[in-house]
Structures are given as structure tokens and as C-alpha cells.
Amino acid sequence: MDQIPILSLITYAPLAGALVLFLWPRATERAARWIALLGAGVSFVLSLALLAAFDRSATGMQFTEFIDWLPGLGIAYRLGVDGISAPLVVLTTLLSLISIIASWDPIKRRVREYYISLLLLETGMLGVFVSLDLFLFYIFWEVMLIPMALIIGIWGSANRVYAAVKFFLYTLAGSLLMLVGIVAVYQAYFEQTGVRTLNVLELAQGTYGQAFQMWAFAAFFLAFAIKIPMWPFHTWLPDAHVEAPTAGSVILAGILLKMGGYGFLRFNLPLFPDATRAWAPFIIVVSLIAIIYGALVALVQPDLKKLVAYSSVSHMGFVTLGIFALNAQGLYGAMIVMISHGLVTGALFLLVGVLYERAHTREISAFGGLHRSMPLAAAFWGLFAFASLGLPGLSGFVGEFLAILGGFRAYRWAGVIAMVVVILAAWYMLWMLQRIVMMRAPGEPPDPDDPELRLANAYAVPPAAGGAGPHGHTVDPRTFPDLNWKEFATLAPLAVLTVWLGVYPGYVMRILQPAIEQVLSAFGRIGL
Amino acid sequence: MEWIADWLFIIPLAPLVAAAVNFLLGRWWIRDRAHWIAVPAVGISFLASIPAFLAVAQHHEPLSQHLYTWIPAGDFQVPVTLYVDQLTAVMLLVVTGVGFLVHLYSIGYMHGDPGYHRFFAYLPLFVFSMLMLVLASNFLVLFVFWEAVGLCSYLLIGFWFRRRSAADAAKKAFIVNRVGDFGFGVGVMLIFVTLGTLNYAEVFERVGTLSAGTVTAIALLLFTGAVGKSAQVPLFVWLPDAMEGPTPVSALIHAATMVTAGIFMVARAHPIFVASPTAMLVVAIVGALTAFIAATIAVTQYDIKRVVAYSTVSQLGYMAIALGTGAWIAAIFHLFTHAFFKALLFLGSGSVMHGLHDELDMRRMGGLKRYMPLTYWTFLIGAAANAGILPLAGFWSKDEIIVGAWVAGYPVIALIALAAAFFTSLYMFRAVFMTFHGEERFDREHLHPHDPSWTMSVPLVILAVGAAVAGFVGVPPEQGWFHHLLEPVFEGTEHHEVSLATTLTFGVVSTLVALAGLYAAAAAYVFRSVSPAAVAERLGPLYRLAHNKWYFDDIYQRFIVEPARASAVFLWRQIDVGVIDAAVNGVASLVVWTSQLWRRAQTGLVANYVLAIALGTVIIVGAYLVAGSSLFR
């Protein structure tokens, strides 16, 4: 191998950190944090180098690594990235780094073990995005599952064990189906060509019968549909989010959900193009249900994390809508939604975490008037809420509009129904924004210049106190300190990227271009 | 002239920089000096617009400057290109001109507000967005800034965010606008899918290739957006509530500029509308309804800003009538004159509020003429211009719209517009008389009304001059300088010849109608020969209909908002938790239950296991014998 195995370095840098911590049981909490930061930091810097060196004009995989592993079975250590996986790798390393900083103060129990889990998780996620061998992919896929379940189950809130088990079993059921699918494709390719291989690129060259494709597609599809998650397999998500610690939610929403979308693009579409075409209308219908359903249910959530979780269900509906529209706009849209959702929803969960650290509750009714006590946090809330509801100029709009346009191009009705979400998303996001950032703290009387007060004086009606008021005792939001520098450091880069991706999506789209054209070539729609 | 095109970017850039600086540094460093940056920035923008205007006015050649490609997605390429033709040039002057005056006025009006720097970040951001909206050269960039001005509107309506009423109004404005944007968005997609481009020039060239049904669909979808943004029936409900924002905001955004974006957009897309008579008729009817309904509501309101707000809705209705009847230039002409007198009326109301410690209720005003003469005279000019009194600005443009509807063959719409003109005059002079004439109903011990400082007075005077004389750019009717300026934009559209007799007849009739409204207002509020309460009593249900804003808000609340929330709760509690999650938990329980069943076998008693082994052996051997031997065959 004459070049530096940069993908392996990116993938195993966090693992190295985890190993150091594992072998050093007496590490202080401080040391554990710094080692974790170092591991994730190295990985992040290397991934930036990867992006800089990435050839945006080349089709196919880059930075490939190959080591024969079990040649008799066709299993090899194959890594590589293309335009679809490269941005996701960078997103993963960035959000992992941010998660480590975000966990600095909030995590106080079993710090060493926590960071071991987080680093293992990062290696698993990166491995999933860079593997080109189905066996290797499956290993990383499963590696990722355990630390995530542990993070929810050990460092989560009250009902954490239920949520962790639910998450674990749901995902495991999906991955077992995928395993069946992998074995089936492996066997089918062997019967067809006499070659045993688990190389994704090679398997995609095979032609499989329609009936086989339909079943194998379904096996892969269910695994990814649970992960992304698609309605009606989404019920693990609100529970997992609500119980997970802040960093867990960030990783979960920011990266784990993207595994589903990535899986569709990497496996379902290239391996089973005929089945994709056959299943597409059905999947589009389910996506539309997810989009509208998620938005409506988000509208009535009393818990901040649940609201954001259901909004994720709605956003992931755009991903599947865009992918299965099977045209260029749809695919670009799906990818941009994934990246944007990682940034925006990650940031929203960080902000929820900021509030939880201060109030020890996530009930929306416990907050109000944060604009006064936490002006900086309020500005971030506003920015990310508007990014989430798809305001043009911020990242959410580019992806959503392209995904809807792709849907509209494929099926007029799908675009029209998906567009309804512009109303619903504004409704739930602004409603949340109003109740936590605007107005007044629960129980706080109106200001002297408030017309409400004048009205009350004129008609002798007592003025309504701000907010709905929490149940029982909570901390008064008026006393909250504004963001500290660590919290600011986690949010600021996400804010910059959100604006940048909204104003100049061309940079990312040109990275995506060759890969998306390649995916589309299987459907005879190059350049559309 | 090439060099002007290369410098177009200055026009939107200056306010953007001001907004960014004030937003990032305002709280920590700039604070109450925020206007030092914002006011000159908008001034630069205005000065930069003048050469662009002169260039297109003289050479009739549009200017354009390509900035960068925003979205490259396969065959969907969206460039950001600044484009100035005569229509855009007029809008540039209105936006930056009124924008500058409002910025100047705000220095005094917002003085001492804790959010001073925030205000001077949001207001230039609005100017930037609005400039980009009118400079756009394709439908998606238009849509982007269409939403961006909506954001600024949200931020500024909710500026005093601690008030529930302001927070509610801001949210309502954004969501109602998004209902319109839903239609607009679908319309944009339909244009792209059918024509393969979103650039104005190419779209308008290819409109002829579309079927009648498709063109009508596109036109109506785009118009849905205009109904939201330009506050037409049935989506006008957000605009009166938007008065929760500071008054300069109402003047700039909710009177002079943003709300006219819908009118601008329809005028911009006129080739699409011209191709669909059905869509044109819908536009005209919606406009007529809006003009009439809003005018009747305005007569029954007591809040001075809401009177002016409903007046804005009504005047936007007039503009829509002009668009729908093909009087394109008249629509833009009215947009132009309206910007002067409506901004003036809002800033005048602001002065009144300033003098009376934020009092809004006209029942607690009266007799202010004596205390604030400058405000009085400028407000009076604005009111008279709005009411269409000869020779002020509003007369010329409004009259042209009514004539235009008549000659285009829509006599009913022309008559509705005349009826609305009566109410316009009535509510305008009612506001003048209730506020500035009669007895002093405010608390004279604590309040000492006075004319404002020079930063607030200068904009009033300039706008009053504009409201008085701006109409002359369109004189003589149909043949004025303004018409010749805009003719190239609307080249090729049908034009109805208007005889001198028609012009004169309508001039006389609409003057008489305006005077009738003036007389009615004077009879009720000056001479006291008619009691308004008695009239309201007599009209009964009709008065209540108008006073309750034709019940639009209540209908939405009852038939849209509440059912949507109820269905959301149902989906969450019954479907999500009750069915889907219950099924998941059910599967888990089933597994547990089955396992429990098998667990009973694990008793731990060796005797039981031995028994089981023995029984098992017997059964297996037995089965083998039965199956394998020929004994039982």
C-alpha cells in the first residue's frame, strides 16, 4: 500500500482512545475527557484532510483500502468513500467531537466508561460509512448498537432501561433481517457467477431475478427503515431520545438516523434497481404519512425532546421521499436533508440539554421568557428553529425543497402533500419558540408597558401570568445563566455550517454529484 | 452603462452588512449607537439605486449582474442574479426611499428601548431581503426572499416578545403567510416541471406552450402566495394583528413595502396571468372583496393603528383589482402613491402614540390638533390622499383603477370599488376627527402631547409632500410620465383606450363619493348631527359583522386550528401510543409470556427431569418404531 490508509486512521483513532481508557482503569475523569477529546479530535482533523483531498470530479470510490481477510469466502477488508459517504464521515467526526465537549460537565458518573462507549460508538459509525464489504459493514453496524444502548441505558434519565432495551431489540430485529438479506445476495451472486464475494460494488454488478429482488430488497429495507426510522417503525425514537443523555440524542439524531438513508442509497438502490422501482410508490406513500404524521404529533408534545424527536420523523420522511423519487433533485434533496438535519437537530438537542442542565426538566411549560435571561441561547434557539422549519437561506430549505421537488416530479400528488409540511412545521416550531424563548417566565406578571396590563386595568380583569406554569417545583427560568463558553463552542460551529449550507450548498452538492449520477445511472436517468 | 450593472450588488449589500454588524456586535458593543450604521447603510442603498433607476429609465435596457449559482442539482440550476428593469427600479426607489425615512424616524421613536440594537439589526435585514426580492431574476430566488421578508416581519412583529399579544401576532403572521407560501411553492415546482426553467425571461417566453389548464393552475397557485403576503381575503387576518410591532415597522413593512410584494410578484409574472382569463377574474374578484370587506371593518375599529391597517388591506385590494382587470401600470402606480401616504399615516399614528404614551384607542384621544399641529397637518394630508381627495396622490391612482375596471368590462367590480371608496373616506376622516378634533378625552393631568423631535418630523414632512404630489407622475391619466416609464415592462398586454369623457365622469363621481364619506364622518364626529352609536344600533347584525371582522378569525379557530390540534392529539394518544407502540409492546409481551410458559418446565427437581427424559425416550423410540418398521404397515 503506497498511500496512507487515511480511512482506517479516521475510523480507528477513536478506538485507540477507547483502548487507552480501557487499559488504564485508574484514569481520572479529567484524563478520560481529554483522551476522548484527543481521539475524536484526531479523527475530525483527518476527516477534514480527507475532504480537502477528495477529488470532486472523479466517479467511484476514493481512498480505497484492501486487505484480503477470508479469501475463501470472499470476505475482505475493503474501505472507500465516494461523494455520498465522504460528507457523512465528516458529519460523524464533527458531531462526535461536539458530543464529547457537550458531555464535559453533564456526565458525572462513570466518566471513563462513558467515554469508552462514546468512542467505540464513533468507530462503529465511521466503519459503517467507509465499509465496502458487506461482512465488515455488518460488523460495524452491530458494534455501533451496543455502546449506544449502553449510553441510553446507563447515563439516561428515569425510564432509561425500557428505552435502551426497546432501541436495542428494534434495531437488532432489523439487523437480523439484513443479515438474511446479505446471505441471500451472497448466495445468489455465487450461483450466478460462481464467485464468492461480499464486495458491494461487485455485487451491484449482478443481475437478480425480480422475485428475488423483491424479497431481498424488503429484508434490507426493513433494517434501514427501522434505523431511519420510517413510520410505523418509529416508536423507539421518541423514547430513546427522551431518555438518552444530551450527547446520546445528538449522535442518535445526527448520525444514527442517517445510517438508514445511507443504507438505502448504498445497498437498496444499486443492488435491487427493479425492486426499487416496484416498491417506490408504496414507500413514497409511507414517507408522506411520516412527514405529515410526525409534524402533527410534534404539534402537541409537552416535552421538548419529544417534540424534536417527532419533528425528526417528519424530516426523515423527506429523506425517503427524495430517495425513492428516483431523480436527481430527490437524491440531492435527501442527502442535503440528512446533512442539514444532523447539524440542526443536533443543535436543537444540545439546546434542550442546555436547558435541562439548568432546569432539570424538559417540560415546555416550565420555561418562558428565556430571551431575557439567556439572550445568546435564545438567538441559537431562533436560528435552529427556523432552520428546522425550512427557512430559505438556512440549510433545511435547500434539502426539503429539492426533496419535495423530486417527489413532485415523480408524482404530482406527493409533492403537493409533502408541501403541506411548510405550514405544520412553522406551526409546531414557532409554537415551541414562543413558549420557551418569548413571553414571560411562568408566574411572572406583565411588564408595566404591556398592553395586556392596560387592558386589565381598564376592564378590571386580572392579568394572566406568563406561561402555563409547571407542575410542582422547578427552577425559575429568570435565574438561568446564559451559555458558558463550552456550550457556545458546541453550538457556534453548527450555526455557521447551517448558514453556509443554506447560502452556498453548491460546495457540498458538487461533492455529491458524481456519486448521485452513478446511483441514478442504474435507473437510466443520468443528469436528470 | 455597463459599470452600473457591475455595482448593483451594493444596493442589497449595504443594509446586509449593517444588519450583520448590529446583530453580531449590537448587544455587547454597539448598543444605542446601532443607528450610526443602519441609517447610513440604507441611505447608501438609496443613493446606489438612483443611477440604476436613471439607467433603465433612459435606456430601456434591463441591467443584470450574475452573482453565483445557488443550487446546482442536475438540470435544476438556480443562479442568483440581480436584475433591474423599470418595474424593479421603481420598487428599488420605494423600498430604499421609504426605508431610509423610516430608519430616520426610528432613531427617535425607538430611543431608549432595551432592544434598540436588535431593532436596527432586523430593520436593515428587512430592507436587504425586500431589495433581493425585487432584484430576483427567477422564481426560486424570489421565493427565498419572499420567505425572508416573512422572517423579518415575524421578528419585528414579535419585537416586544415579552407581550403575549405580540408573540401570538408574530406567530400568526408567519403561519398564515406560510399557507400562502404553500401555494406559491407548489406553483414554482409546477413551473419548473412543465417548463424546465425558473428564470423569468425563459418562463415568460415559454408560457405559450402550456395548456390552458396548466397556466391557470400556475397562475392561481402563485396568486395564493400573493393572497397571503398581500393580505387578501381570506388570508388578510394576520395584517391587523401585525400592528403589535413597533409603529415604524408597520409603516415600512406592513404598509409601504412587504405587503406589496404580492402585487409586485403578480405584476412581474403578468405574462402567466394574461394567458389565463380565469385566473385574472379570480384576482379581480378577490381584490374587490378585499377592498370592500376591509373598508367596512375599518369603519368600526377604535384602535388607530388597526384603522390604518384595515385601510392598507383595502388599498391592497384595489391593487389586486387593477391586476385582475389588466390595468398593470395602474396597480404599480397605486402601489407607488400608497407607499407615501400609508407610511405617512402610520408614522403619524406613531407620533400620536409617542405623545400619548402609547395610547392606541381613539376613544381616549381627541383635540390633539392644538398640541401637535405638525402631526395633524401631515396626518390630514395622508388621510385625504388615502381617501382620494383631488389632487392628492391617492386620487389619481385609485381613480385610474376604478376606470380601468370599468373599461375592461367589469362594471360590478368598478361599483364595488366605488362603494369601498365611500367607506375609505368615511373611516379616514373618522380617524382624523376622533383623534385631532373635538373634546380632549385623554388624561390631561399626566399626558402632555407634543410634536416629535426633528428625526421624526422630517420623515413626516417629506412623506406628506410625497403624498401630496406623487400622483402627478401619473398625470394626465393613462399618459403620464409613470406610464411611459413602465410601458416597456408590460409591452404586449392588452390595453383599453379610455375616452376623455369616461375619465372626467369617473373623476367627478369618485370625488363626490369621497366628499360624501367626508361629510358622513363630519356629521357623526364634528357636527354631531348623527350619533354613531345610533347608526350602529340601527344596522344591528351588519354592524356586528363588520365589528367582528366578518368572523374570519373565529371561523379559522373553530374549523381549522381546533380540529387540527384535536386530530394531532388523537394521532398521538390513540394511534402512536395506542396502536403502534401498543403493538410493539404487545410483541414483546407475547415473547415474555411464551418464555414464562416454558420456564415452568425448568423446575429444578431432578426427578422431574428424569421423568421427562424417560418419557421423551419412550416417545422418540416409539415414533421411530412406528415410522421406521414394517410392523404396523
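Since the model is a prediction, treat every value here as computed from it, not as a measurement. These numbers come from the heavy atoms of this one structure, side chains and all, not from hydrogens, waters or symmetry mates.
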Top contributor to chain A interface from Ala564(B), Ala568(B), Ala166(B), Ala170(B) [non-hydrogen pairs under 4.5 Å]: Ala568(B)
CA sep, side-chain torsions, deciding dist, call: Val561(B), Trp427(A), side chain to side chain contact (heavy atoms under 4.5 Å, CB included): CA-CA 10 Å; Val561(B) 176; Trp427(A) 192 354; 3.8 Å; yes
Nearest heavy atoms of Met189(B) and Gly415(A), plus distance in Å: CE-O, 4.1 Å
Distance-minimising heavy-atom pair for Ile580(B) and Pro232(A): CG2-O, 3.3 Å
Check: Arg440(A) main-chain N/O paired with Arg162(B) side-chain donor or acceptor under 3.5 Å: no
Other residues, nucleotides, ligands: >12 heavy atoms within 6.0 Å of Tyr116(B) OH: yes
Tyr332(A) ring center within less than 6.0 Å of Phe76(B) ring center: no
Pairwise side-chain contact, Leu299(A) with Trp572(B), heavy-atom cut-off 4.5 Å (strictly under): no
Interface moiety of Met509(A) toward chain B, non-hydrogen atoms closer than 4.5 Å: side chain
Most chain A-contacting option - heavy-atom pairs closer than 4.5 Å, from Ile175(B), Asn585(B), Val569(B), Leu155(B): Ile175(B)
Toward chain A, the part of Phe570(B) with a non-hydrogen atom under 4.5 Å: neither
Val584(B), part contacting chain A, at a heavy-atom distance under 4.5 Å: side chain
Option in Trp160(B), Phe145(B), Phe192(B), Trp146(B) with maximal non-hydrogen atom pairs under 4.5 Å from chain A: Phe192(B)
Asp581(B)/Lys166(A) salt bridge by N-O under 4.0 Å criterion: yes
Region of Trp431(A) in contact with chain B, defined by heavy-atom distances below 4.5 Å: both
Nearest non-hydrogen partners of Gln329(A) and Ala73(B), listed with the distance: NE2-O, 3.0 Å
Validation row: Val398(A), Trp70(B) side chains within 4.5 angstrom (heavy atoms): yes
For Arg178(B) against Ala426(A), the heavy-atom pair lying closest together: CD-CB, 3.9 Å
Flag side-chain contact, heavy atom, 4.5 Å: Arg163(B) against Pro446(A): no
Part of Leu391(A) within contact of chain B (heavy atom distance under 4.5 Å): both
Which portion of Tyr428(A) sits near chain B, non-hydrogen atoms under 4.5 angstrom: neither
Top of Leu296(A), Val297(A), Leu405(A) for chain B proximity - count of heavy-atom pairs under 4.5 angstrom: Leu405(A)
Heavy-atom proximity to chain B below 4.5 Å, by part of Val165(A): neither
Interchain contact, Phe233(A) with chain B, by part (heavy-atom threshold 4.5 Å): neither
Heavy-atom proximity to chain A below 4.5 Å, by part of Val141(B): neither
Residue Leu331(A) versus chain B: region with a heavy atom under 4.5 Å: neither
Considering all heavy atoms, the nearest Leu571(B)-Tyr293(A) contact: O-OH, 3.7 Å
Part of Arg27(B) within contact of chain A (heavy atom distance under 4.5 Å): side chain
Interface moiety of Leu389(A) toward chain B, non-hydrogen atoms closer than 4.5 Å: both
Non-hydrogen side-chain atoms of Phe174(B) and Met429(A) separated by less than 4.5 Å: no
Interface residue of largest heavy-atom contact number with chain A, from Val188(B), Leu190(B), Asp181(B), Thr69(B), under 4.5 Å: Leu190(B)
Expected output: side-chain Gln434(A) to main-chain Lys171(B) donor-acceptor under 3.5 Å: no
Derivation and outcome, side chain to side chain contact (heavy atoms under 4.5 Å, CB included), residues Phe184(B) and Met419(A): CA-CA 10 Å; Phe184(B) 194 9; Met419(A) 201 74 184; over 6 Å; no
Choice from Val80(B), Leu140(B), Val579(B) maximising heavy atom contacts with chain A below 4.5 Å: Leu140(B)
Contact leader toward chain B among Trp236(A), Phe397(A), Trp231(A), where contacts are heavy-atom pairs under 4.5 Å: Phe397(A)
His111(B) atom NE2, neighbour heavy-atom count above 12 within 6.0 Å: no
Parallel, tilted or perpendicular: rings of Tyr154(B) and Phe386(A) (30°, 60°): perpendicular
Beyond-backbone contact of Ile71(B) with Tyr504(A), side-chain heavy atoms, under 4.5 angstrom: no
Contact summary for Val193(B) and Phe408(A), nearest pair of heavy atoms: CG2-CD2, 3.5 Å
Residue pair Asp75(B), Arg409(A): steps toward the salt bridge (charged side-chain N to carboxylate O under 4.0 Å, His left out) verdict: CA-CA 12 Å; Asp75(B) 57 349; Arg409(A) 212 169 187 185; 2.8 Å; yes
Summary of side chain to side chain donor-acceptor pair (under 3.5 Å) pairs that have at least one residue in residues 372-381 of chain A, sequence neighbours excluded: none
Contact check, side chains of Arg573(B) and Val300(A), non-hydrogen atoms, under 4.5 Å: no
